[in-house]
Structure formats: structure tokens, C-alpha cells
Amino acid sequence: MALHVMDEANHCLGCKNPRCQQGCPIHTNIPEVIRLLKANKLNEAGRMLFENNPLTTVCSLVCNHENQCEGHCVQGIKGAPVHFSVIENYISSTYASQMTKGPAEPNGKKTAIIGSGPAGLTIAVILARYGYDVTIFESHDKIGGVLRYGIPEFRLPKSVLDDFEYRHLRLKDIKVRPNTDVGKALRIEDLFRDGYKAIFIGTGVWRPNTLHIKGESLGHVHFAINYLQNPNVYHLGSRLVVIGAGNAAMDVCRTALRNGTRHVECFSLSKKIAASDYEASYAKLEGVNFYYNKKPLEITDRGVVFCDLNEAEDGTLTAIPGSEKLYPADSVIVSISQGPCTTITESEKNLKTNERGLFVTDEVGHTSIPGIFASGDAVKGARTVVEAVAYSKKVAEAMHEYMQTLPADGPDEYASVPVVSYDEGN
């Protein structure tokens with residue numbers, strides 16, 4: 001591994017105007033990171049990566065590198081680009097094992113993070129660096145959000161997230177309340193009552209979009225976001241039809257094959273699938289069959305009825321009469337993206353949302369209620385991990401700026417109350 005990483009590092013030209021850095025949504029200083037590695041300064045390179053991107057160990061594995069850093073590399077014009085993903089993963093994972101520094105000096109102010117997906121984790125880490133007392137409220141039993149419950153193990157090992165939780169949360173005294181869905185037992189007003197100076201909402205998009213066709217409620221039909229949360233509990237049978245062809249659909253197809261489904265068919269409305277070439281190539285390699293210009297009309301107990309579509313040069317799709325066919329399937333998974341959950345907005349009517357149910361914010365995350373901020377998929381819709389991190393860095397700075405205008409918590413009202421002394425023997 002180390003030799004391969006150095007081969008990639010030596011392939012870098014160290015461009016004065018690095019296109020790779022321009023192609024990175026978070027503008028990682030790729031040439032400098034590589035220069036430090038080649039100078040045997042791995043720890044300095046690792047520190048630079050983490051200070052710029054708290055989720056660097058994750059992004060090195062799941063970023064769409066072919067369209068970002070590597071896709072912009074000048075070496076890729078005539079040959080193979082520098083595979084910075086390999087370099088970043090090696091540096092960040094090696095350096096991460098040495099990260100044992102404790103929490104920053106407390107500044108006397110509490111902040112709440114609702115949701116522990118990419119946005120929430122980024123903001124929690126950055127605010128903890130400033131000395132805030134951070135508490136994360138997570139509706140699932142473990143942190144990670146879509147990273148843990150939406151990306152398969154073979155793409156992002158859960159051990160990466162567990163290590164992140166230990167080094168970036170527990171060692172920094174960031175508290176986590178699992179299985180806590182704010183908007184139900186606890187409400188936003190309860191958090192402000194208990195002294196949180198600012199609240200961040202990063203609840204993601206967990207409600208599946210539906211096809212609105214007959215048969216979607218049948219027992220052998222499932223939604224991608226639900227399936228990926230815990231694929232082991234599903235019994236899909238021998239033949240699976242996946243409707244949709246984005247990156248999530250590729251994850252569904254490849255996961256199903258790994259869990260015993262023998263035949264997987266993936267259907268796309270257009271002739272160009274939405275998934276990245278990289279993800280699609282792996283799906284094809286592993287045996288997924290693709291069908292293009294197909295529109296689902298009805299789901300039956302025996303499979304899915306599709307019709308053929310004529311695709312014009314401008315992308316207009318027109319159904320071809322008489323082309324209806326039944327494609328047999330034991331199970332069907334619908335994978336056409338997701339929308340936001342409504343738990344918080346139902347309990348907090350003054351939080352403005354748009355027609356899609358996404359939070360309305362300004363460019364740095366201020367919502368319609370002072371002290372409440374939002375970013376990530378709950379604002380932008382389903383996007384990439386690194387895009388969520390990049391935007392959330394700006395929101396974290398806006399939260400810090402806002403909280404600096406507020407007074408710190410006063411003395412504990414019950415500081416003078418006698419403390420019960422327990423008998424250790426009982």
C-alpha cells in the first residue's frame with residue numbers, strides 16, 4: 001500500500017495552478033498535502049487534511065473523485081490522473097490512529113446538533129474546536145446518518161465511523177443522545193429552555209420518493225433508503241428489479257448481489273444513467289443488467305410492467321404505444337431519491353420550508369428563527385458528502401459568530417444545594 005501511494009504521489013506534477021484543488025468542492029490543498037508526504041511529513045499532511053475536512057477519512061472512500069479532484073487532474077488529459085483518493089485515504093487513516101488530543105478549553109456555551117450525518121458531524125467538530133459544549137441528538141442508535149445507514153459496508157466500512165466517533169466525538173467530550181427524535185418527546189423550545197445558545201438541524205432526507213403507480217404497496221416492493229438501512233432483514237428472492245439508476249440504485253444492486261440475489265435488473269428512464277461511471281462500471285462488472293428508456297407503468301405480484309420510451313435529442317421522453325412488457329421479479333426496489341422528514345417542521349410551525357419541504361435558509365444557514373441553523377441534505381436536497389461538508393463549514397462559522405454575540409451561561413441556580421453522598425458499599 002505505502003509503495004503504491006508513493007507511486008501516485010510521485011506522479012503529481014505539483015502544478016502552480018492546481019486544477020485538482022479547483023475541482024474539489026472543499027478545496028483541499030492537494031499539491032501541498034502530496035509535497036508534505038513526499039518530504040516524510042505524514043503527520044503534517046494528515047493534520048492539514050483533518051483541519052480542512054473533518055470527514056477526510058470518509059471522503060477519501062466515497063467522494064465522486066472521477067468528477068472532482070481526479071477528474072480535473074492535468075495528468076488525466078493524456079493518461080491516468082493522480083489518484084488522490086488513494087493518497088488521502090492512506091494519510092488520513094494512518095494519521096487518525098494518532099489523534100488522542102482532548103477537548104478544547106470550554107467557552108461556557110452550549111450548542112445542539114440535531115442529526116449526525118455529514119453536516120451535523122462537521123459542525124459538531126468545528127464548534128468543539130472553539131470550546132463549545134456540543135450535544136448531538138440522533139434519531140438512530142448510532143451516529144453517521146446516511147454514512148452509516150445509506151452507504152453499504154463494502155464502500156464505507158462501519159469501523160471508519162466508529163473510529164471517527166471515538167476520536168472526534170468522545171475524546172472531545174461531544175455528547176451523543178442516540179434514539180432521540182427531536183420534534184417528538186423533546187421539542188426545539190425545550191433545547192432553548194435548557195441553555196443551548198444555537199441549534200443546528202441536519203436531519204437529512206429519509207422519506208422515499210414514490211412512483212405513484214399501482215402496486216407500490218405490495219408486499220414484495222421496497223424503497224432503496226429503507227433497504228440500505230438494514231439489508232439483512234430483507235428476503236428478495238432470486239430475481240430483483242431496481243427502478244432508478246442513480247448512485248443509491250447502484251448500492252442497492254451491488255448489496256443485493258452480495259446478499260444472495262442471483263439476478264438483478266436495473267431500469268433507467270433515459271439512455272444515460274444518473275449514477276457515476278465509476279459506480280455503474282462496478283455494478284456491470286458484478287453482473288447487474290441495465291435496461292434503458294423504460295418507464296414503469298404498474299407493479300404486479302409477478303413483476304413490473306414497463307413501456308419503452310423514445311428519447312429526443314433535447315432529452316424529451318415519449319412513451320411508445322404498444323411497447324408494454326412484463327419484466328418478472330420476486331422483489332422490486334424503488335430508488336428515485338428521497339425527500340425530507342417532517343417531524344421538526346410539524347412541531348415548529350415558524351420554521352419556513354419550501355415547496356419540497358426543505359428548510360429555507362440564507363447562504364450561511366440562518367433559518368427563519370434566530371438561533372436555529374440548517375444545512376446538508378435538509379436544505380439542498382440529496383447531495384454528495386463532500387458538498388455537505390463544504391457548505392457546513394460556512395454554517396459552523398456563522399453559528400460561532402452568532403453565539404459570540406450572546407452571554408455565556410450564568411452560575412448554576414442550584415450550586416449551593418447540598419449534594420447527596422452515596423455509600424459506595426450499597
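- Y130 has its ring centre less than 6.0 Å from the ring centre of H400.
- For R193, the CZ atom counts as densely surrounded, since its 6.0 Å shell holds more than 12 non-hydrogen atoms of other residues, nucleotides or ligands.
- For T384 and N64, the side-chain atoms include no donor-acceptor pair closer than 3.5 Å.
- Closest approach of I243 and P296 over heavy atoms only: CG2-CG, 3.9 Å.
- To the nearest 0.5 Å, the span separating CG on L127 from CG on D133 amounts to 11.5 Å.
- With hydrogens and angles ignored, the 3.5 Å screen pairs no side-chain donor or acceptor of R207 with any backbone N or O of G339.
- Distance alone, capped at 3.5 Å, places no donor-acceptor pair between the K110 side chain and the L191 backbone.
- Atom OG of S375 is separated from atom NZ of K380 by 9.0 Å, given to the nearest 0.5 angstrom.
- Panel note: side chain E216, backbone V221; no donor-acceptor pair is recorded below 3.5 Å.
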Residues R155, L61; criterion side-chain contact (heavy atoms from CB on, under 4.5 Å); working and verdict: CA-CA 7 Å; R155 284 187 59 212; L61 295 172; over 6 Å; no
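- Taking the six-membered ring where tryptophan is involved, the planes of Y291 and Y327 are perpendicular, since the angle between them exceeds 60° and thus also 30°.
- Closest non-hydrogen pair, A396 versus I123, comes out as CB-CG1, 4.0 Å.
- The distance from the OG1 atom of T180 to the CD1 atom of I136 is 12.0 Å, given to the nearest 0.5 Å.
- To the nearest 0.5 angstrom, K142 atom NZ is 5.5 Å from R148 atom CZ.
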From CA spacing to verdict: side-chain contact (heavy atoms from CB on, under 4.5 Å), N53, C59: CA-CA 9 Å; N53 179 2; C59 288; 3.4 Å; yes
Intermediate values then yes/no, side-chain contact (heavy atoms from CB on, under 4.5 Å), Q229 and H140: CA-CA 10 Å; Q229 286 187 56; H140 290 92; 3.3 Å; yes
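- For E32 and R35, the salt-bridge test passes: some basic side-chain N is under 4.0 Å from an acidic carboxylate O.
- Without hydrogens or angle criteria, S60 side chain to T57 main chain gives a donor-acceptor distance under 3.5 Å.
- The two atoms that bring S276 and N247 nearest to each other are N-OD1, 3.0 Å, heavy atoms only.
- Looking at heavy atoms from C-beta onward, L49 lies in side-chain contact with V33 at the 4.5 angstrom threshold.
- Few gaps surround CG on D362; more than 12 heavy atoms of other groups in view lie less than 6.0 Å from it.
- Without hydrogens or angle criteria, K184 side chain to I344 main chain gives no donor-acceptor distance under 3.5 Å.
- In terms of modelled atom types and a separation under 3.5 Å, the side chain of E286 and the main chain of R254 share no donor-acceptor contact.
- Between the side chain of S268 and the backbone N or O of S270, at least one donor-acceptor pair lies under 3.5 Å.
- F373 contributes atom CZ, which lies 11.0 Å from atom CD1 of I201 (distance to the nearest 0.5 angstrom).
- If you look at F84 and H65, their ring centroids are not closer than 6.0 Å.
- Of the possible polar contacts, one joining the D377 side chain to the R383 backbone as a donor-acceptor pair under 3.5 Å is found.
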Step-by-step side-chain contact (heavy atoms from CB on, under 4.5 Å) determination, K393 to I26: CA-CA 9 Å; K393 286 177 65 176; I26 204 167; 3.7 Å; yes
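- Checking side-chain atoms of R239 against main-chain N and O of H263 turns up no donor-acceptor pair under 3.5 Å.
- Below 30°, between 30° and 60°, or above 60°: for H168 and F164 the angle between ring planes is below 30°, a parallel geometry.
- Checking side-chain atoms of N259 against main-chain N and O of T255 turns up a donor-acceptor pair under 3.5 Å.
- In this structure, D190 CG and Y196 OH are separated by 10.5 Å, a value rounded to the nearest 0.5 Å.
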Evaluation steps, salt bridge (charged side-chain N to carboxylate O under 4.0 Å, His left out), between D277 and K272: CA-CA 10 Å; D277 293 341; K272 177 73 171 69; 3.7 Å; yes
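- Defined by atom type and a distance below 3.5 Å, a donor-acceptor pair is present between the side-chain atoms of S85 and E70.
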Residues H212, T210; criterion side-chain hydrogen bond (donor to acceptor under 3.5 Å, both in side chains); working and verdict: CA-CA 6 Å; H212 301 293; T210 60; 3.2 Å; yes
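- Aromatic ring orientation, Y278 versus Y282: perpendicular (interplanar angle above 60°, classes split at 30° and 60°).
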